[in-house]
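Here is the structure we will look at.
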Amino acid sequence: MPAPLPLLSLGPFALVCAAAVTVLLGIAWQRMHTVSALVTIVGLLGALVLQLALQTPDSAETPLLVFDGLSHFAALMVLGSSLVVALLSHTYLRGYTGPREEFYLLLLCAAAGALILVASQHLASLFFGLELLSMPLYGMLAYRFQSSHSLEAGLKYLILSAAGSAFLLFGMALLYAQTGALDFTGLASEMGPWALAGTGLMLVGLGFKLSIVPFHLWTPDVYQGGPVPATMLLASISKLAVFVVLLRLVLEVPTFRDEALSALLAGLAILTMIVGNLLALRQSDLKRLLGYSSIAHFGYLLVALVIGSRFAVETAGVYLITYLVATLTAFGVVTLLSSPCRTEEASNLEHYRGLFWRRPWLAAALTVAMLSLAGIPFTAGFIGKFYILALAVDAQRWWLVAAVIAGSAIGLYYYLRVMVALFLREAADASRAGRGGHWLNDTIVLVLALLVIVLGVWPAPAVDWLAGLNY
Amino acid sequence: MSGIPMEHGLMVASALFAIGLAGLMVRRNLMFVLMSLEIMLNAAGLAFIVASTAWAEPHGQVMYLMVITLAAAEASVGLALVLQIYRHFRSLDVDAVSQLRG
Amino acid sequence: MEQTLTSTAAEQWAIGLFVLAVFGLCTFMIVASWLLGGRSRGREKALPFESGILGTGAPRQKFSVKFYLVAMLFVIFDIEAVYLFAWAVSLPESGWIGFWAATLFILILLAGLLYDSRTGALDWAPQPRSPVDSTRT
């Protein structure tokens with residue numbers, strides 16, 4: 001194990017942590033919203049550039065962390081998403097009357113947690129990363145504590161996430177009791193009743209965080225109640241990081257590939273796809289709808305997990321990119337139309353009626369995001385769904401194939417409903433126009449929307465890059 | 001290890017975990033919900049200690065330190081939220097707090 | 001099976017006897033004092049006994065929010081000390097790297113403490129409430 005390499009690989013993480021401490025000290029010195037945001041953005045950008053410069057190190061390792069292609073990819077996604085959220089939070093928080101700067105502190109801590117989580121190859125770092133990721137999210141979700149909905153979202157997430165953590169920890173303890181090891185390779189050594197029970201409990205714990213169907217009840221309420229940037233972070237980096245670590249567990253620990261568990265996972269995947277999409281049908285709130293839609297999307301992603309081959313990792317990577325870009329675009333539009341001053345955020349679908357005639361560019365971006373989430377050709381979502389289908393067909397899992405197709409068909413309906421609402425002609429209502437934000441914010445959302453289309457029309461570079469990552 | 005087999009210790013931990021889980025699902029008062037969560041976390045901690053003793057290894061004890069850190073952080077964030085919720089709703093009943101539907 | 005059961009009983013009979021004796025003694029003490037003791041009633045008798053001091057105020061007293069805040073901060077910083085204990089017992093093994101890591105840890109904690117004191121979380125005394133103050137807790 002070469003000594004200097006892991007230190008360099010830890011660079012992005014160290015930069016994010018340093019930015020967090022700087023923001024903390026900055027608040028202690030003087031509250032300045034823009035400066036805090038700037039420090040956050042510079043820190044995340046620096047970390048992103050450093051991560052890019054690292055290329056793919058040849059599996060640098062420490063006992064707790066591993067830096068391979070998968071963690072490199074996931075770290076880039078985490079840093080990119082956090083950067084988008086930080087940029088949009090600045091607009092969102094400008095209208096907020098309470099203390100604003102702590103939001104960036106929490107955001108940086110969550111990003112650091114996600115970076116640890118995606119690189120962990122030891123139960124201790126898994127646990128540490130997961131908690132560092134979840135703990136700030138409680139605070140972020142309850143950030144508008146004057147609003148009862150935000151408080152409720154924070155509390156619900158706290159209770160269910162803590163219950164998930166307890167399941168995860170108990171599962172870890174049972175696995176440890178069976179094998180006497182905490183690192184992923186050591187866990188592979190033995191099978192037994194305790195190990196199987198532990199694996200099941202760990203899956204329940206991670207299922208809570210991923211909102212797989214029997215454990216999804218918190219998702220819509222939390223998505224609806226929390227401030228939009230917090231929800232955005234929850235939908236992007238939290239889900240991504242937990243999924244990546246679950247993928248790593250499935251690939252490296254044989255107990256996670258146990259026949260019965262695998263069949264159970266396949267069942268849960270089908271259930272998640274169908275139930276998530278069905279429940280989304282009747283929603284009249286865009287954030288709630290996106291919550292259910294994210295449940296369904298992680299149902300599709302579970303297919304990659306169930307099959308768990310080399311190609312499955314690539315598929316999961318492609319799908320995660322397309323999901324992230326589309327989700328960030330959709331939530332970005334919601335952020336730009338919302339203001340924390342009002343008790344109601346612009347999340348009810350009513351707010352979006354005739355948006356095209358008021359803010360044409362934002363409406364176009366939201367349309368693209370919806371098309372991509374629905375998996376229409378020439379958007380990124382189609383490529384992702386195509387990969388999932390190809391994987392399932394290749395593995396001859398016909399039930400999974402059928403569920404993916406059925407889920408997508410149901411999904412088409414509610415995504416289209418949102419799109420139709422955007423273009424309805426209606427008497428212009430000035431109060432719903434939303435504030436004209438800085439041009440930079442609109443540009444971010446438009447760039448994201450453009451990325452959705454580029455990925456859909458010309459996916460070759462992204463796919464080649466993913467295939468080239470050594471895992 | 002003083003003669004008590006590891007399985008017995010794990011059984012006790014499992015029972016504790018089940019008690020916490022039952023409390024979490026049955027109780028309506030937020031304070032008791034938070035306490036039930038603490039019980040579940042402590043059950044996991046106990047299981048770590050039992051396993052660590054059985055294998056004569058320190059790793060489980062280190063995990064226990066992290067578990068109590070989590071429990072402490074969870075408790076203080078939870079308490080802070082509960083305070084704000086009491087201010088808002090004048091009640092700690094879970095059903096009264098739960099308003100979001102759809 | 002029969003054999004082991006009787007032999008266990010033979011070994012453990014003393015414990016059984018002890019348990020029985022404990023219950024018997026407790027029952028005896030309660031019943032005997034109930035039978036033999038004198039009885040009296042009065043208004044004073046109905047008051048809760050607080051070692052001769054009369055209780056005042058309602059039991060459902062409101063605490064200041066600061067009380068909880070201090071409790072939360074105590075819990076957090078208290079737990080951080082646990083990590084320093086872990087470092088202390090492995091001091092020779094962890095060497096200089098451990099030392100610098102612990103230093104960094106303490107410095108970050110110090111930054112947190114600085115933040116707490118600057119945002120007013122450590123001002124214990126209740127202060128007159130002004131419009132600015134009521135927004136933060």
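In the text below, chain A, chain B and the rest are named by the order of the sequence lines, each starting its count at 1.
For residues 90-113 of chain C, an interface with chain B (any heavy-atom pair closer than 4.5 Å) does not exist.
Atom OH of C/Y115 has more than 12 heavy atoms from other residues, nucleotides or ligands within 6.0 Å. The 12-atom threshold is not exceeded at CZ of C/F74, counting heavy atoms of other residues, nucleotides or ligands nearer than 6.0 Å.
B/L65 approaches C/V82 most closely through the heavy-atom pair CD2-CG1, 3.0 Å. The two atoms that bring B/A73 and C/I76 nearest to each other are CA-CD1, 4.3 Å, heavy atoms only.
Judged as a salt bridge (Lys or Arg N to Asp or Glu O under 4.0 Å), and not counting sequence neighbours, C/R118 has no contacts.
In this structure, no portion of C/F85 lies under 4.5 Å from any heavy atom of chain B. At a 4.5 Å heavy-atom cutoff, the contact between B/A80 and chain C is made by backbone and side-chain atoms alike.
Considering OH of C/Y68 and OG of B/S76, their distance stands at 14.5 Å, rounded to 0.5 Å.
Taking 4.5 Å as the limit, some side-chain heavy atom of C/M72 sits within range of a side-chain heavy atom of B/L83.
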